[in-house]
Structures are given as C-alpha cells and as structure tokens.
Amino acid sequence: MLAFALRRAGSGLTLVLVISVLAHTLLALPDPDVGRQLLGPAAPQELVDEHNAALGLDRPLAVRYADWLAAAVRFDLGHSWFTNESVTQSLANRLPVTLSLMGGVTLVTAVVSFVLGVWAGVRRGAVDSAVQAVGVIGYALPSFLITLIMVIVFAVQLGWFPAVGYTPPGVSLTGWLSTITLPVLALSVPAVAGVSQQVRSSVIDVLGRDHVRTLRARGLPFPRVVFRHVLRGAATPALTVLAMQFVGMLGGAVIVEQIFGLPGIGAMTVQYTTRGDIPVIMGVVMVSVLVVVVVNLLVDVLVAWLNPKARLS
Amino acid sequence: MSAIDTASRNAPARRGAVRRFAASPRAVVSALVLGTIVVLVALAPVIAPHDPNTADLGRAFDPPEAGHPLGLDPAGRDVWSRLLHGGRFTLAGAAVAVAVALAAGVPAGLAAGYRGGWFDTLADWWFNLTMALPAMVVLLASRAVLGPTVWTLMVILGLLVAPSFFRLVRSTVAAMRGELYVDAARVFGLSDTRIMGRHVLVVVRAPIIIQTALVAGMAIGLQAGLEFLGIGSGDLPTWGAMLNEAFTNVHRDPLLMLWPGLALGLTSAALVLLASALRDVLEDRGAPAATGRRARSRATGGPAPSVSAEDRTALLSVRGLTIAYPHDDGSAKQVVNGIDLEVRRGEILGLVGESGSGKTQTAFSVLGLLPEGGRVEKGSVTVDGQQIVGAGERTLRRLRGSTVAYVPQEPMSNLDPAFTVGDHLTEPLRHKLGLSRARARERALELLRQVEISDAERVLASYPHQISGGMAQRVLIAGAVSCDPDLLVADEPTTALDVTVQAEILALLRSLRTERGMGVLLVTHDLGVVADVCDRVAVLREGRIVEHGSAERVLTAPEAPYTRDLLDAVLDNTPARGPWRPREEETR
C-alpha cells in the first residue's frame, strides 16, 4: 500500500515537472515585447531592450527555464512583469481562499452525492426519478447561471448572504462562513448533479452482481449489504468522477470568484492572463497542477484502499 | 451468474431496444425536445424571420410583436432569429468538442486499461497532464494566440475534456481486466480486438453514453461561460453571448435572459435525460413493473399459500411452483411451470436440465432471491415448514444462512473483491450468531479446515483474487455451512472448476451431508455429478419436470425420451471420471 502510494506520488511529481516544461515553452510562444508594453510606443528602443534584458528575456528559452526551476524549488516563482510583486507572495495570499472554496465544494458534493445516489439506486421508483430530476436541473443550467440566480435570490432578494466580498476566517469565522456559503453552494450544484448520477448507476450496477446475492443468501440484512459491500464497490467509479469534477470546479472557480469578488486564484487568472503577465500565469498554472496532482493522488490511494485489486496496477 | 439466469435477463433485450425506447416517456420526450431544437437550429437560415445581426437601435428593447415573436434585443436585433442562429454555433461547437473528446479519449482508454504496460503509463501521463491544466487559462491563452474562433476553442475544449472519457474507460476496463470471463475469452483464443469489441466495449458502453451527455452539457455550459466572460467569438450570435448582453441589461428587460437561458437549459436537460433513459434501455433496467424494493415485495406479497401437514415433514417442499418474468406490455414469460419437488433431511436431490430449463430460477426461489423482474406467480415453497413465497424480508433474512444456505456456480464473482476471505466468513458468524471477533475468527479457521483447506491462516487473510477457483469454491461452501443450515442449495457448484477439483468438491458435499444430515438441492446439467452424489434426481425441461425418481433408476432405466437424450449425450462426449483421491490443494 505504501509502495503503491509512493509510486503514484513519484509519477505525480514527474508530471508536475513535464507540465512546467510544456507550460514554460508554450507561454513563451507569443513572445510579447514586455519592455515596449510597459514603456509605451514613444520609448527609445535601447531602453526597451535594456528592460527586456533586465527581465532576462534576451536569453535562450532553456536557460530561462533552468533559472525558473532552480528558483521554483526554493518556492521563488519570480516577480510580476508589470507590478514587480513576488508571485509566490500573491499566490500565498490568494491560495487559502480558493482552497477553502474547493474544500467546501468537495465535502458538500461528496456527502450529498453519495446520500442521493445510494438512495436513488437502492429505492428506485419515485425517489430515483426525483434524484435524476435534481441531476438534470443541476446540469441543465450552466453553473454561472445558477450562480447568478443564487446571487439574485439569496443575496439580493432575501439578503441572507452578502452578494460580494470576502472575510478571512482569521478575522471573523461567521463572517467567513457567510461569504463562502453561496459560492460553495453555487459550485456544488453542478458537481452534485454529476457525481450523484454516477453513484446511482454504480450502485445499481453493483446491486446486480453475484456476490451481492450470495451475501444476502447468507442472511445478512439488506441495508448492511448495501452500506458495507455495495457502497464500497460503487465508490471507485464515483470517486473517479468526483476527482474529475474537482478539476472542472477549478475552472468554475474562475467565474464564481469573479461574480462574488473573492480574492482567490481564479479571479487572479483572468486578470493576469489578459495582461500577458507570464511569470504570474506560470505560477498560477503550476499551483493548479500541484493541487490537481495531490487530489488525484488522494483519490488513487482511497480507491486502492477500497479495492485491493486496484493496488496491483 | 448461470446460463439460465443470463438467458432470462436477456430475454426482454431481444424484443428490441427500439421498442423499449419508445415505451419510455423520458426517452421519447427528451429525444423529441432535442430533435426539435436541432431541427429548428439547423433550419435557422430558412425559418429565421430576420438577419441575426441586422441592428435597429431605434427599436432596442421593443416587446414581442408581429414579425418579432420574442421582441428585440439591446441593439434592436430580432431575438428569435438570433436564438435560432446562435444555436447553430452552440450546438455545433459542443458537437465538435464531444467528437474530439471521444476520438481522443475512448480508444486510448480501452487500450490503456486492457493492455496496461507502457502504453497505459504513457497515455495516463498524457491525460493526467491535460487534465491537470486549468481549462480557463488554456482557453484564455489560446484565444490570445489564435484569435476569436469558436471552432478552435471547442477543439481545444474537446482535448481538455478527453481525459474524462479516458479515465472512465480505463478504470472500468482495468477493473475488469482481471475478471474471469475476460481471461476465459483470452484462453479460448479470441483475439484482443474481438474481446475488446465483444466483452470490454459492452461493459464500458453505458458509462460512455452517460459521459457523452455530460460532456456535451459541459461543453455547452463552458462555451456559454466563456462567452459570458466576454472571451469568445465576437460577432457570432451564440447563446452565451446573448446571455452576456442580456445580463448587462437585466434591470431593463429580464425577459431577455429567459430565452437563451431556456434554450441552453432545455438542450442540456434533454441531453442528460436522454442519456439516462438510453442507459436504462441498453442495460434493460427501466421496466417500472420489475424494479424497486416495493415492486419486489409486491411480487411476492400475495396471500401466502397454506402449508400442508405433508410439507411440514419434508425439509424442502416445492408445490406447483410457477416463476415468470413480466414484460412491460403486461404479458409474462414463464420460466418455471408448476413444478413439484421434495428434499428430505440427509438427502441430495439433483435438479438436472440444460441451460434455460429453469433450474437456477427454481434454486433462487427457494432462497427468496429471484433476480430483479422475476416473481413467483403460483405455488408454494416451504423450507423446514416455513413458507418462502410471500414471506417478508425479515423472515427470509432469518431463514437464509441458518436454515437454507446457498453455494453459487461461479466462485470468483460471488466473493466481494474488496473483502478478505476472513471478512466473508466472519461477517455472517458475527452478525447472525453473535460471535465475538476472536471467536468468529476461530470458527472461520475451523470451517476452512473442515472444507479441507490446509493453509487456513493464510487463506483467511487473502483477498479473493489471491486464491484459486477451487479454493474460492471451498470458501463459499465453508461460508454456506457456517451457520449450520438444514438445507443447502448448490447451483452448479462444480461447473466452473477443473475435473480433479470437481471431484473433491463433490466429495466434500457428500461428507457434509453425512456429518451434518443436511439436505442438498443440487442444480446441475452434468449427469456425471448426479451419478456421483445424488440420491434422487428430477429432470427439468422448459420449466416442467419430465422425469423424477431415484438416481440409480433414472440413470439406468430412464423413462422420458428427453432423459435418454441427455444420457446419450453424456455417453457420447464425456470421458469417464476416475475415482477421487485426496490431494494437496494448490494455490495461485
């Protein structure tokens, strides 16, 4: 089990490295004349060249990457081309916001999806139709539309939550809860819609397997068979979909953070991409990749723990 | 799952997926909605009353009127026309994304999951890499480099969501790679392509269908999101761009948000509904008359037949049993037709017949565990004087394991792969007999030794995939007798095993019968097995008993022509089995 986890972690780390090479190369393709952009069209060419040289842009790509990597392993992701802020510092300021958002969404999604999916898969009939309807509604509306409707209903009309803004949990825990609840719910709706359907179909699938009949033939109560055996078998595909949804949510966070004015990584992405601030974008890409790799690692380990056969792979 | 069971489950499938599709309101309605949207959108150039981009600022926000059924937008353009034309880009864009994702993800997932090895490693890496990239950043950067083109963005989106297909297919295929029937197909000499097409693709079909609908919905939603953020295709009238314009004017005319929102919502909803309905149709699981716990209890919930004095003395008494699988149209396929059987204590009754004769269905009805959709139409089944037909779940639970126990045909698929042999054995002991953890473990070891497993400690700690088929069947027998049942229902207990192991398992059943005085209902198609262990035999053909008598009489002087045919077949094809000798059990 430990060997399996270490193997997975090792391949995750290599993945991070490969992506850093790819991202670095692809992001250098447009080759923006940063000096010209910063200093304006009237600036003399020598000054522009001097500025580009100061940023290290006159050196070959491989050298720039080597420098970046050497600094990155010491948690130094360089400085913004435009504001000269430390990239590591801006990310560190914004990461907790996005992570708490994602953590909340994952928790809500997992709990609600499993409850709904198992209920629908076991009971079928009217409950099943109702849960499928929930799934359809969650999927029918684009997540940003759901977010907007939630803002209008719960923040503007009912006034239960603030429409915009963020309170760090260090300042006020209740304030933090009130600012994070709507974004978490808005992001959870489509995720629950997807994952609960997967849980439902996996539960139905496992319920039809031979070993479930044999367990029931042993005289074990049906609920016990469901919670101990069916759930475990159904969890593997459901977790895969949950992990997938998580990455999708990172994208959804961009829009949700924009709408709610949350100072997270997502809002930062839009802002810096449109400006072409490559060091910041590079930092954002690498942090997202790290988060994804860690989540996938956790899911792999969880699946291996649930399903001993998977440990062989 | 035995052949008869598979056959009866597949029976409705042969009646045509199209008919069942037409019988599902969900499928029909969603297909109609989707079809209508596609047709309307495809005909946009013909039926749209106005050019989608002709603006008349003087008439901005005008309400619906003749010629403008949905009114005019903030730039004075016809909303209905823009909606029709916008759908073309939205739907075709989603189709491009889905096609790219399918073409990239599914073949790679199949190959990686099935073959494993270097390709798996490489493909998994590549897709993890794609998946670990934040879609928004990639799309933003792509737009900056490639310019505002909805098609290129959708191709990139397709590549970005391809991993969802890849991972789903790969994990499903990898999970079944070790399954016995795939091994079996390979051993039978089927080529990998054939196995892929015949076995693997069938398993991953349903998840792919669900995922396709989800990806299509995701593509439509993501595209709308991009357009909503203003990162899209500029002048093209897409639904997302319309939402964006409408949202900036939401205070002046909230209705403008309704139409593109409704179009997006209806399309996605129809896609998701269609996928779930298709899944039920393809997997034969939609029949409302045959699903659900309520339906099951209804099926067996009729007035319980009375128990006669004669039935009280027999251990198992089956009287006039009729089992049927109702179809959606109200008709029913009878798989067992008014049969009578009796098993006394210490007696082994062989229930013989070919595939589809109804013998496995009879065995399941004795346990009160007919597969979904099946029901006892008539007759009675009593075990130790207690009625099974119509009994509640609580009664059945009490009887199962301690009065009537079950040994299945296929040892591997009947053990939960996530639990050790020890878990399988101790769970009923602890739950039904209330033994402590330590005591249950002791008893489990004892049981394993009783079924002649010498290496009991190691087997107890093993997972099902770590032991051989013969060993697994011994474990299942140990589990079946663990709570000291009076009646053992053994469904082809030796069919999946090799000849030497078969003989050992039969000897084991014989000795358990002698030691514990158990009655055994032995379902088999193998007359050699009958000759080996059975006291009496009943020959079943197409749901009816054609011959019934002592094993010796039936085998030496069969009365029914069908029995003679069966016996002739055995004499023609099967080599005589040598005498059984005990030997050391080998493990894999």
Side-chain angles (χ1 to χ4, degrees), chain A residues 11 15 18-19 27 29-30 123-125 132 135-136 139-145 148 194 197 201 204 208-211 213-222 224 229 232-233 236-237 240 244 247-248 250-251 254-255 269-270 273 276 281 284-285 288-289 292-293 296 306-309 313, chain B residues 1 125 128-129 131-137 140-141 144-145 164 167-168 171 174-175 178 210 214 217 221 224-225 228-229 247 261 264-265 268-269 272-273 276 279 285 291-294 367 369 393 397 400-402 405-406 408 410 413-418 427-428 431-432 463 465 479 483:
Chain A
S11 79
L15 191 79
V18 171
I19 287 184
L27 286 173
L29 281 183
R123 289 299 295 267
R124 309 298 302 270
Q132 289 199 48
V136 170
Y139 249 94
L141 305 173
S143 63
F144 70 91
L145 201 59
L148 290 173
Q197 300 302 302
S201 52
I204 293 171
R209 295 213 186 137
D210 288 354
H211 70 256
R213 175 173 50 232
T214 301
L215 285 164
R216 296 188 68 195
R218 293 265 188 283
L220 294 172
F222 187 61
R224 187 182 167 91
H229 297 273
R232 200 159 172 156
T236 306
T240 309
M244 240 158 54
V247 184
L250 271 180
V254 173
I255 296 180
T269 312
V270 177
T273 316
I281 297 169
V284 169
V285 170
S288 320
V289 168
V292 171
V293 164
N296 279 337
L306 288 170
N307 179 6
K309 245 180 169 173
S313 61
Chain B
M1 189 171 286
W125 265 36
N128 268 333
L129 186 144
M131 218 161 97
L133 289 169
M136 274 299 170
V137 174
L140 285 165
V145 179
S164 67
R167 284 182 73 99
L168 200 65
S171 66
I210 296 181
L214 301 190
F228 183 80
L229 281 180
F247 182 65
L264 274 173
S268 286
V272 175
L273 261 180
S276 110
R279 182 185 198 280
R285 274 180 185 140
T291 55
R293 211 156 49 168
R294 275 172 62 206
L367 294 155
L369 278 175
E393 182 67 24
R397 189 197 303 166
R400 288 181 197 140
S402 39
Y406 169 61
E410 168 53 62
S413 70
N414 278 285
L415 291 168
D416 187 337
E427 196 182 355
H431 196 269
K432 284 199 73 87
Y463 284 99
H465 67 269
C483 297

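Only a predicted model underlies this, so the values are computations on that prediction, with no experimental measurement involved. Every chain is numbered from 1, with letters handed out A, B, ... down the list of sequences.
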Novice: Measure B/Glu427 against the heavy atoms of chain A and call it side chain, backbone, both or neither at under 4.5 Å.
Specialist: both
Novice: Kindly give the heavy-atom pair with the smallest separation between A/Gly219 and B/Arg397, and that separation in Å.
Specialist: O-CG, 3.1 Å
Novice: Closest approach of B/Glu393 and A/Phe222, non-hydrogen atoms and distance?
Specialist: OE2-CB, 4.2 Å
Novice: Using a cut-off of under 4.5 Å for heavy-atom pairs, which of B/Gly401, B/Ala418, B/Ser164 has the most such pairs with chain A?
Specialist: B/Ala418
Novice: By a 4.5 Å heavy-atom criterion (distance strictly below it), what part of A/Pro237 contacts chain B: side chain, backbone, both, or neither?
Specialist: neither
Novice: Give, for atom OG1 of A/Thr214 and atom CD of B/Glu410, the distance between the pair rounded to the nearest 0.5 Å.
Specialist: 10.5 Å
Novice: Could you grab the distance from atom CG of B/Asp416 to atom CG of A/Asp210, nearest 0.5 Å is fine?
Specialist: 12.0 Å
Novice: Please enumerate all residues that pass side chain to side chain donor-acceptor pair (under 3.5 Å) together with B/Arg167, with sequence neighbours excluded.
Specialist: B/Asn128
Novice: Measure B/Pro408 against the heavy atoms of chain A and call it side chain, backbone, both or neither at under 4.5 Å.
Specialist: side chain
Novice: To the nearest 0.5 Å, how far apart are CG in A/Leu220 and CZ in B/Arg400?
Specialist: 10.0 Å
Novice: Locate the shortest heavy-atom distance separating B/Leu369 from A/Arg213; write the atom from each residue and the value.
Specialist: CD1-O, 3.5 Å
Novice: Which bit of A/Ser11 is near chain B, if near means a heavy-atom gap under 4.5 Å: side chain, backbone, both or neither?
Specialist: both
